[in-house]
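Each ligand, and each atom within it, is numbered from 1 in the order the structure gives.
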Amino acid sequence: MAHEEMTRSPLIDVQNLTQKIGPQEILRGVDLSIYAGETLVLLGKSGGGKSVFLRHLIGLMKPVEGRILFEGQDIAQLNERQLEPIRRKIGMLFQDGALFDSLNVFDNVAFPLREHRQRNEKEIRDKVYESLSLVNMSGHEDKMPVNLSGGMRKRVALARAIISPPSVILYDEPTAGLDPIVSDSINKLIRHLQKQLQVTSVVVTHDMVSTNHVGDRVALLDRGKIHFWGSLQELASSTDPVVRNFVEGRSDENNDIE
Ligand SMILES: Nc1ncnc2c1ncn2[C@@H]1O[C@H](COP(=O)(O)OP(=O)(O)OP(=O)(O)O)[C@@H](O)[C@H]1O
Ligand SMILES: [Mg+2]
């Protein structure tokens, strides 16, 4: 990303985000800025709070402390009705797909269009087919979610998230559980959405191949804080032991299973 872009104010600015669930401190003052048009990859170990973090960005969880500024407005202060226009700008790919079990693939993908009161069935059909084709899921329109594999569910959820391209897309583990070829096509799709539609993205992942493919900047969440953030080159050349262990997939003996 060019230097002059970094001097603009961030599209999303998370400041001192703190979250506790019961006695557990999950986020302990996360500071993270996301700039328009970039793809930020968020790394961190399993159970570290990445999904919890993403839920705050669309107002599904309220921070115990801190602010989440979206275009300068603190969304933590907004009620459900006030959140609506912001949520319309943000597409979210949930980690588990979160498809509607009672709707087939076609109707799941068409859902956001119908929800936004688009009534032209021919247009809906064209868009659904195009979106499914982008995720290599053409021909599965009539299947019910229960009859799909985990990876297929994820791709249908992605087709639904991008059907009316939002200005921000939050991806929670977009390539987890997918074979390398489908993963590669998802990575290309994330890049395509960024390049063609100037989408701003946050990609939560464990997948270093995907990180290197889609990331402009990378942040590592560790023990409830952003332990590292920087470019892919800075990640690759970092000598910080926590960063190295994560990038090289080594378990840290002093801090194995929590
Ligand atoms: N609704 C909830 N109720 C209670 N605890 C929760 C809830 N959601 C998350 N947690 C806890 O918060 C912590 C962080 O969970 P989170 O799902 O954000 O981790 P993650 O970094 O996304 O992990 P993974 O990489 O495995 O998806 C975990 O200890 C989890 O048990
Ligand atoms: Mg998660």
Side-chain angles (χ1 to χ4, degrees), residues 12 14-32 34 39-68 75-76 80 83 87 90-99 149-158 160-161 168-178 182-183 186-187 190 201-215 217-229 235 240 242-252 254-258:
I12 303 172
V14 177
Q15 301 172 349
N16 190 35
L17 172 54
T18 304
Q19 184 55 264
K20 300 187 179 82
I21 301 183
Q24 197 189 354
E25 275 193 305
I26 296 166
L27 302 174
R28 301 192 297 167
V30 171
D31 293 306
L32 193 61
I34 299 145
T39 298
L40 178 89
V41 172
L42 181 64
L43 301 170
K45 64 176 138 182
S46 184
K50 302 181 299 300
S51 296
V52 164
F53 173 80
L54 282 189
R55 268 180 242 144
H56 286 85
L57 301 187
I58 48 170
L60 287 179
M61 287 179 85
K62 299 282 186 209
V64 172
E65 259 180 71
R67 308 202 296 167
I68 298 139
I75 67 165
E80 285 295 308
L83 278 167
R87 287 197 180 134
I90 307 179
M92 170 109 171
L93 175 67
F94 287 93
Q95 189 164 10
D96 59 5
L99 296 176
S149 73
M152 291 164 92
R153 268 201 290 278
K154 181 151 273 176
R155 283 184 279 153
V156 173
L158 182 53
R160 185 178 64 186
V168 178
I169 308 185
L170 311 176
Y171 301 90
D172 200 347
E173 304 277 3
T175 58
L178 303 182
V182 175
S183 291
I186 299 296
N187 291 334
I190 293 172
S201 303
V202 180
V203 180
V204 163
T205 189
H206 293 113
D207 176 347
M208 291 311 298
V209 173
S210 180
T211 299
N212 287 314
H213 192 144
V214 305
R217 283 194 309 132
V218 188
L220 175 65
L221 182 66
D222 186 65
R223 289 164 225 216
K225 292 193 169 189
I226 299 299
H227 183 81
F228 164 94
W229 73 270
L235 182 79
D240 182 291
V242 174
V243 173
R244 291 263 57 86
N245 283 349
F246 193 88
V247 170
E248 286 153 22
R250 270 197 307 266
S251 72
D252 171 358
N254 301 321
N255 189 30
D256 254 352
I257 307 289
E258 284 164 32

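Of all the atoms in ligand 1, the ones that sit under 4.0 Å from a non-hydrogen atom of K45 are 21 (O). Near H206, with a cut-off below 4.0 Å to any heavy atom, the atoms of ligand 1 are 25 (O). Of all atoms in ligand 1, numbered sequentially from 1 with element shown, those under 4.0 Å from a heavy atom of E173 are 25 (O). Those atoms of ligand 1 with a heavy atom of Q24 less than 4.0 angstrom away are 29 (O). For ligand 1, the atoms closer than 4.0 angstrom to any heavy atom of I26 are 11 (C), 12 (O), 13 (C), 14 (C).
The closest side-chain heavy-atom distance from I226 to L221 is below 4.5 Å. The shortest side-chain heavy-atom distance between M208 and L43 falls under the 4.5 Å cut-off. Contact of the S183 side chain with the V209 side chain is not registered, since no non-hydrogen atoms from C-beta on lie closer than 4.5 Å.
Between V247 and the choices L235, V218, L220, the side-chain contact (heavy atoms from CB on, under 4.5 Å) rule is met once, by L235. With L32 as the partner, the side-chain contact (heavy atoms from CB on, under 4.5 Å) test is satisfied by one option alone out of L17, V202, L40: L40. Screening I12, V168, L83, I169 for a side-chain contact (heavy atoms from CB on, under 4.5 Å) involving I90 leaves a single residue, V168.
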*Test side-chain contact (heavy atoms from CB on, under 4.5 Å) applied to L170 and V204, step by step*: CA-CA 8 Å; L170 311 176; V204 163; over 6 Å; no
*asked:* For L99 and R160: C-alpha separation, side-chain torsions, deciding distance, then whether side-chain contact (heavy atoms from CB on, under 4.5 Å) applies.
replied: CA-CA 9 Å; L99 296 176; R160 185 178 64 186; 4.1 Å; yes
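For atom 14 (C) of ligand 1, a protein heavy-atom neighbour is present inside the 4.0 Å cut-off. For atom 5 (N) of ligand 1, the nearest protein heavy atom lies closer than 4.0 Å. Inside a 4.0 Å radius of atom 26 (O) of ligand 1 there is at least one protein heavy atom.
Between T18 atom OG1 and I26 atom CD1 the span is 11.5 Å, to the nearest 0.5 Å.
For atom 28 (C) of ligand 1, the closest heavy atom belonging to the protein is G47 O, 3.8 Å. Of the protein's non-hydrogen atoms, S51 CB, 3.6 Å is the one closest to atom 17 (O) of ligand 1.
The Mg ion (ligand 2) has S51 OG, Q95 OE1 as protein N, O or S atoms under 2.8 Å away.
In this structure a side-chain-to-backbone donor-acceptor pair under 3.5 Å is present from K154 to E173.
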Donor-acceptor contacts, no H, no angles, side chain residues 51-63, under 3.5 Å, sequence neighbours left out:
unit_1, atom_1, unit_2, atom_2, d
S51, OG, Q95, OE1, 2.9
S51, OG, D172, OD2, 2.6
H56, ND1, V52, O, 2.8
H56, NE2, Q19, NE2, 2.9
K62, NZ, L78, O, 2.7

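For R223 and E25, the salt-bridge test fails: no basic side-chain N is under 4.0 Å from an acidic carboxylate O.
Both the backbone and the side chain of V52 come within 4.0 Å of ligand 1, judged by heavy-atom distances.
Heavy atoms of G48 come nearer than 4.0 angstrom to ligand 1 in at least one pair.
At under 3.5 Å, not a single nitrogen or oxygen of I21, backbone or side chain, sits near a nitrogen or oxygen of ligand 1.
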